[in-house]
Each structure stands twice: as structure tokens, then as C-alpha cells.
Amino acid sequence: MTGRTMERLDRWTERMGDWLNPILVKETRQTLKSRQFIVTFSLLLLAAWGWTAAAIAMSMPRIYYVPSGQPMLVGYYLVLAVPMLLVVPLAAHRSLAAEVDDGTLDLLSVTNLSPLQIITGKLASGGLQMMLYFVALMPCVAFCYVLRGVDLMTIGTLLGGTAEVATLLTVVGLFLAALPSGRGGQFVMMVVMLILIGIAEFAFGGFAIGMITQGGGEASGEWIFGIVASLLFTATVSAILLIAAAVQLAPPSENRSTPLRRALLVHQTAMTGCLAYAMLVLEADWQVIVPCVYYAAALWAVIGALMVGESGVLTPRVRRDLPGTFLGRALAVWLTPGPGTGLVFSVSCMLLFSLAAIGLLILSPSAPGDAIDRTLPHALTLGGYLMLFLSVTRWIMQLIRLRSVTHPGVAVAVLGLVASVAAIAPYSAALHLHDYRSFPWSHWQLTNWAWTIVELESGLSSDVPYLVFGSGATLFALNVVLLGRAVLPQRVATPERVLAERAAAERAAAERAAAEKSLAEGATVGFDSGAMR
Amino acid sequence: MIPTVGEGEAVIELRRVHRFFGKTRAVDDISFAVARGSVFGYIGPNGAGKTTSMRILATLELPSYGDAIVDGFSVVNDPEMVRKRLGFMPDAFGTYANVNCAEYLDFFARSYGLVGRERTQRLKRVLEFTGAAGIAEKPIRGLSKGMKQRICLGRALMHDPAVLILDEPAAGLDPRARIELRKMIGALAAEGKTILISSHILTELAEMCDAVGIIEQGRLLATGSVEEIQRQRQQHRELTLRVMHGAAEAAERLGQRDDCLEIRVEGDWVRTAFSGDLAAQADVLRDLVEAGLPVAELTARTKSLEDVFLQVTEGLVQ
């Protein structure tokens, strides 16, 4: 390459670098110089080479005539799993936790970087490290394929799955590091992180080794659906966690709720779509619907609690971005931050999912005639309890907020308390009345959600789900009526100066881009004409 | 009415800012304004609320009540507009491992949205201004405190902000580094930057600042130049005269004036608390000389910022 080509390449990479997330640039510089990366990378290479030599020696002379790729790939997977599922997620977690501990997060917060840029920059840096580890191990994986015994589908699924789990763990690590906590809290988060990593190592390790030894299967519709569904799940859950981590770092005046609600909607839509495809196209077992309803109920209970724990006061900054028209506000009201709208949002999402689940059972060709009768009680009961407990939690949080400013996380604890009291109180009372002997379920145990749900499968009276749903709906309706003006906050105008400043910034960015483009074209012309000469 | 430091348009403005941490009132109803191009010193004992109010201005904390305005933008409603105009130097340095000084500053330049040639030129200018060009390739974690503070100031200046918030920039520096830092701050003030600076080294603040604000237990006790605070607090300069063999008569004549208080005679020396200005001081001298009193010496001692600080504050901490 000529000097001018190098110069042009240098200019091009410099320009590309300007568009990269600054956190990614900084983290990459740090990582490539860090002892941790050098040691991990060296150990990965040494372990891979060592395993190659040892496995070949153990397989001699069978290696010449028996397919030996499988045991070899198991070893390489174990070598790769350590940096991918342990080192990278932990490094990402520590990196963000160190920003909080060392005070550098404050320095980043006063720059133009948004909290989401900080978080995604760290994730991108983790992704880059994963790529380097992959590239280092790629010749070994190719060697496995040459040795026969493993097909490309298995190798692809294994590497893709490892990357997916590693990415999800990295996202979880970043989320945990962003949670507000002191030094003690950071230690607890680190322990939680290590436990999650341990679980992931064992769970995915078992799956991966099983897949290698038994074969990845053919590229059937189910297999591809499984991959797409798991990718969708990982992507949408990652988006939720990344946004949740970013809002932890954002100042309280920001709209911290709407982006999270949008991400949750996308997650629910994606999962409903997957369920619909599985039920209607792949004709999956209809019984998968009930666990999905339970998953939705658990998800919306936790998310709903966090939302009813939000502050009811909308800052002028948030109110500037509200829809301008009454119709717009009415339609988008469930995305507006606030405890009241949060209650409406979470209950609506749960009910919508339940409706979709019942609709799928109606349309599913594989569902038997009594499928709806067996699913509906679960959907009604769970929806009823959700409305009941979230409504009570909202009122308690309103009382707490009268006295002090609290973190939305407190509402999750309140929900747990409400649910515990609702289950334990009637049970304890009945136990006492029955002289501490066993007794059957009765309507006095309606608020005892744990027992009622267990009894649903053993022929509970058919009015119970409707009673629970009716009670929940009554409290929910009362809550909605009492929301009053809170669900329709007025928009406030953005100051002229702010609008002018934004317009000027956009103009400057466009001018800069045009100037750089013309500079690049000039350089290209210069290079070409030079080459022609 | 918000007390304003300097003349012209206010660039920094705190409007009834409160910040509570539980029952602790870290900042309790603070209001003041600083005009463009002024250097405002913020002094107070540890735990007085200086850092909290500076963090509110830097958009790192939200006020529990009230608002802070930087160049016309609210820290509550338009923090991103404030950040574009503001350079913040906290008391903690905040370093990264495996990064050299140039890379560190380059990272912050990127974070402030500087690209291409603009970024490289700005980086060069900042390294030259802070005198850190010679250490650009040195790892940041091995630097001395003085050098770190230069890099830290460079970081705050990277996007050429109109307002600088400097929290204890001189803490822990040796005398030479302190003098150099003072020169840099002087140069920045001469460029027209508005600077809010906190320090425990009061003599330095007195030299650097157009005005000071004294804060204790979250409350702003006094604002203005040292002289203004003295006047606000009715604090007087001490006038000492040496009148050869006529001290008693001089004391009698001084006693007839309204601006001379607490007159004491010690031999040939007459001491008095004097509330007048320089013209009045000249008038005192002329009176005595015209009365034929042999005034051999006249000295006036203005109270230092330290004296004012000690008199204004009560040494209370939260």
C-alpha cells in the first residue's frame, strides 16, 4: 500500500472513530492495555493449544479413522465459556460499578453523553472482547469440523448461543451495577452476579455439551423458531434491562418511565407473536399457554409495583414531551409517567396478554374443546389478584409518599408485604378457628392467592375466578375513577431559547457533516488524480 | 431581590435553592447571582453545603426546592443546555486505569461531542494552556497531585465552557502548584469566563475573587466583596495613629467624629475602629494636622478575608 493510501485509510478510520461511542473507544483503549485482558487472552490461547495437544494425544490413533470432533469441541467450549460467560460479564459489571465508586460517573454525567450511551458503550466494549475471544478460538473450532463428528448447525448454534448468553449476562451485570447502592450494596450485587453466572455456566453448559454430544438436529421449522424466539427474548429483555440501567443513572427530572414502558410493550408483543406462531403455525401443545400467563402475571406484578411506586409529580421537562392534543394524550396516557398511569398500563398489558392467550386457544387447531375452560380460570384469577394487589400497593405508596420521597423499588417490597399479608392473614385466622387442624379451602381464603391458585387445578367452585376478578376489577375501577386529572396532565411549552438552541445544534451538525463529506471527496479526488498521474 | 456579584447579565443564578437529605438541610434557601466574567469565591467550613450547591449547578443533584440557572437555562428543566456551557471540576479527581493524559482528555473531548480537527486542536490548546503538553503520554494514575489538577482543569475546559465550577481546586497542592493554578484561573477570568470557586485557602480566594459568598449550615450568611461584607456586617478598619506628645488631644478630636469608635490611647499611640472610607481617612489626617498635632504615623488595617470569615461564621457544622 502506498503512503497516500495509508493516509486516506487513516483519515477514514479517524472519521469513523468520531462516530463511535466515546465509551467504546475509551474502554477498548483501556482493555487492550489491561493486565486482565492480556492474562485472559493468553490463558485462552494456552488452554486451547493445550487441549488440542492433549486431545490429539489421547485420541491417537483413532483420530485418523473415527470422527473425533465432538469431544474436541466440548473441550473448546469449556475453554471459551470461562472468558465469555465469566470474565466479560464480570468485567462489564466492575467497569460500571467502578465508575460509580470512583466518582468518574459524575464526570461523564456532566458531558454530552446520555446514560444510555454510557451503558451501551460498556456493552459494546464487552461485545468487542467477546469477538476477540471468538476469533482467537476460531481455528480450533475449524479444526473440530475437519475432524468430523460435528456439523455446522451444531457449531453455529453453540457459538451463537454462547454469544447470546454472554451478552445477556453482560447486560444483567450492567443492570446490577447501575442499581443504587452503597459499598455494601455493590458487594451484594457482585455476589448476585456471581450466582447468576454460576447458574448460567451450569444451565447453558449442560445444554451446550448435550447438543454437541447428541447433535444439534436438523434445520427444521421448530429449530429455527426456537433460535428466533430465544434471540427475540434476549434482545427484548436486554433492551428492558439496558433502559432500566440507564434510567437509574438519569437525573430524576428526566422521563424515566416512558422508554421502559415502550420496551416492555415491545417485549410483550414479541413474546405474544412467538406464542401465536408456535400455536397456530407449529401447532405446539396448547398447555404452554398457562405457564405463559403465569410468566406475564409475575412480570406485570413486579413491573406494575415499580410503576405504582413512581412519583406522581411530572416535571416541566417531562410535560414538554406530552402529546399536544387531548386525543393524543388520551391514547398515549398509559405511557405517561406516574403511579396512576402505571397501574393502568400494567393491568391493561396483563389483560391484553390474557385475551390474546384465550384468542390463540380459540384459533389453535391443536387445542381440545375444554382448553379454554381450563385456561380461563387461571387468567381471570391472576388478572384479579394483579388488580387487587397493585391497587392496594398504589394507595399505600401514596400514603408513604406524603411523608417522604421514596425509590420506586420500595413499592415492590410493599407489594410483597401486601401479598404476604393477604395470604397469611386469612390462613392464620382459619387455622386458629379450626383449632390448628387441617381444614378445606373456603371463600374466606379468597385473598389467599397461593392456596387459591393451587386449588384451581383441583376443581374449585367455578365462581371463584370470577369473584377474584370482580373484586380486583372493582378496586381497579375505583383507582381509575380516583385518578381524576392525574391521567391527563397538561403539556407545557418548550421555551423558545431551548428550541432555538436545538435547531442551531442540528444546523451545526449538518454543516459539519457536509464539510467533512466535501473534505473526504476532495481527498479521494486528490488520491485518484495522484494515482492516475 | 437576589444579590448579584459583578455588573451586567447574571450567568449563574441560584434562586431559593434548597436540598434536603432526609432531615439534613444541606442547602437551605440559597440565592445569589454572578455576572458574566466575574470570579466568585465560595467559602465555608466542611459540611457547610458548598459542594452540594456546586453539584446542583453542575446538574449532578436536583434541588429539593428552587432552581439554579446557568446562562439562562434551568438545571432542572434543561440540564443538557447547562452542561454545554459549564465546566465542572469536582474535588475528587476521577481517573481511569491504563489511560495516558492525552487519551484521557481525548475521551472527554469526544464525550463533549467534539469531532475531527476541532477535537485535536482543542486538545492541543488545552494541553498547552494547562502546561501539561510535556506529560501528554504519561499514564494518568502516576501523576503528582499538581499535575492531576492541571489535567482536571483541562478536562473541565475541553469544550470551552462559559462557566467554570471549581470545587476545592487548590486542595493538597504545594505552594508553586497553587501559584500556577491561581495564574491559570486569572487567565481564564481575563478571557471572560465566569468562575465559581470554592477553597479553604482564604488568602488565595481573596486575591482571585471579585466577590465571595460565606456559607454555613447550608445558609448563605454573606455575599459581596470583602469590603462590602465588612460594611454589611458593620465591621470597621482599625486606624492607628502615632501622635507625638498629643495622643490624648488627638483622641478627643477623633471622639467628635461619627466614624471613629472605640478610641484607645496607649502612650503616643491612638487606636480607633474606623467606619469611614479613604476620603474620610484623609479628612481625619487633615483635621489633626490642621489642629497642629504632630502626627508621625497613620496606618489603617483592613480586616482580611480570614477575619471576616471567622466573624461571620460560628464554626457550626451539620
Side-chain angles (χ1 to χ4, degrees), chain A residues 11 14-15 17-27 29-37 95 98-99 102-114 117-118 121 250-254 315-320 404-405 492 494-495 497-498 501-502 505 508-509 512-513 515-516 519, chain B residues 20-23 55 57-64 67 71-100 103-104 106-120 139 152 155-156 158-159 161 165 167:
Chain A
R11 258 205 306 271
E14 186 75 33
R15 262 202 316 281
D18 283 343
W19 294 106
L20 287 177
N21 185 325
I23 297 282
L24 171 63
V25 176
K26 189 263 295 177
E27 294 272 325
R29 278 175 174 162
Q30 279 184 284
T31 302
L32 294 181
K33 284 194 249 175
S34 74
R35 194 177 301 161
Q36 172 245 307
F37 177 75
S95 170
E99 299 270 15
D102 300 345
T104 45
L105 189 64
D106 282 352
L107 303 178
L108 298 181
S109 302
V110 295
T111 66
N112 294 359
L113 291 177
S114 68
Q117 274 180 298
I118 296 171
S253 63
E254 296 282 337
T315 61
R317 185 174 169 75
V318 174
R319 290 174 64 185
R320 281 179 197 168
S404 63
V405 179
V492 295
T494 307
R497 213 177 147 208
V498 175
E501 181 92 3
R502 282 184 195 156
R512 197 164 51 210
E516 283 189 7
L519 193 75
Chain B
F20 310 135
F21 295 108
K23 286 183 179 171
R55 284 175 62 83
L57 271 171
T59 73
L60 292 170
E61 298 265 357
L62 275 186
S64 307
D67 202 351
D71 203 11
F73 292 103
S74 154
V75 296
V76 179
N77 296 322
D78 301 298
E80 69 280 2
M81 301 290 168
V82 171
R83 285 172 203 147
K84 282 182 187 169
R85 291 160 168 77
L86 184 133
F88 178 54
M89 186 172 162
D91 52 353
F93 183 62
T95 54
Y96 291 113
N98 306 310
V99 171
N100 68 32
E103 286 171 343
Y104 183 78
D106 176 76
F107 163 61
F108 279 98
R110 285 172 192 270
S111 303
Y112 278 114
L114 301 179
V115 293
R117 198 173 297 171
E118 189 188 6
R119 188 180 69 243
T120 46
C152 197
R155 183 188 62 211
M158 196 43 91
H159 57 306
I165 309 285
D167 192 2

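Only heavy atoms go into these numbers, but all of them, side chains included; no hydrogens, no water, no symmetry mates. Below, chains carry the letters A, B, ... as their sequence lines are ordered, and counting in each starts from 1.
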**Prompt:** Taking C-beta and beyond as the side chain, do B/F93 and A/L107 meet within less than 4.5 Å on heavy atoms?
**Reply:** no
**Asked** Between the main-chain N or O of B/V99 and the side-chain N or O of A/Q30, is there a donor-acceptor pair closer than 3.5 Å?
**Response** no
**Asked** Tell me, do B/D71 and A/R497 make a side-chain contact under 4.5 Å, heavy atoms counted?
**Response** yes
**Prompt:** So, A/R29 side chain and B/N100 main chain: donor-acceptor pair closer than 3.5 Å or not?
**Reply:** no
**Prompt:** With sequence neighbours excluded, what pairs up with A/E14 under the side-chain contact (heavy atoms from CB on, under 4.5 Å) test?
**Reply:** B/R119
**Message:** In the structure I gave you, are the side-chain heavy atoms of A/N112 and B/K84 within less than 4.5 Å of one another anywhere?
**Reply:** yes
**Prompt:** Among A/V498, A/D102, A/D106, who wins on heavy-atom pairs under 4.5 Å with chain B?
**Reply:** A/D106
**Message:** If we ignore hydrogens and angles and just use 3.5 Å, is the side chain of A/D18 paired with the main-chain N or O of B/V115 as donor and acceptor?
**Reply:** no
**Request:** Under the ring-ring contact (aromatic ring centres under 6.0 Å, His included) rule, collect the residues that match up with B/F21, sequence neighbours excluded.
**Result:** none
**Request:** Please state whether the side chain, the backbone, both or neither of B/E61 comes within less than 4.5 Å of a heavy atom of chain A.
**Result:** neither
**Asked** Which pair of non-hydrogen atoms, one from B/R110 and one from A/G17, has the smallest distance, and what is that distance?
**Response** NH1-O, 3.0 Å
**Request:** Determine whether A/R320 and B/N77 make a side-chain contact, defined as any pair of heavy atoms from C-beta on separated by less than 4.5 Å.
**Result:** yes
**Complete:** Cut-off 4.5 Å, heavy atoms of chain A, and the answer for B/S64 is neither
**Request:** Could you tell me which non-hydrogen atom of A/T111 sits nearest to which non-hydrogen atom of B/S111, and how far apart they are?
**Result:** CB-O, 3.6 Å
**Request:** Below 4.5 Å from any heavy atom of chain B, which atoms of A/L20 appear? Answer side chain, backbone, both or neither.
**Result:** neither
**Asked** Which bit of A/Q117 is near chain B, if near means a heavy-atom gap under 4.5 Å: side chain, backbone, both or neither?
**Response** neither
**Message:** If we define contacts as heavy-atom pairs under 4.5 Å, which of B/F108, B/Y96, B/F73 has the most with chain A?
**Reply:** B/Y96
**Asked** What part of A/A505 is in contact with chain B, defined as an atom under 4.5 angstrom from a non-hydrogen atom: side chain, backbone, both or neither?
**Response** side chain
**Fill in**
One option among A/G103, A/S109, A/A98 has the most heavy-atom pairs under 4.5 Å with chain B, and it is A/S109
**Prompt:** Which answer fits A/V110, side chain, backbone, both or neither, if we ask what part of it has an atom under 4.5 Å from a heavy atom of chain B?
**Reply:** both
**Message:** Heavy-atom pairs under 4.5 Å with chain A: which of B/M81, B/E103, B/E80 has the most?
**Reply:** B/E103
**Asked** Which bit of B/Y104 comes within less than 4.5 Å of chain A, counting heavy atoms only: side chain, backbone, both or neither?
**Response** side chain
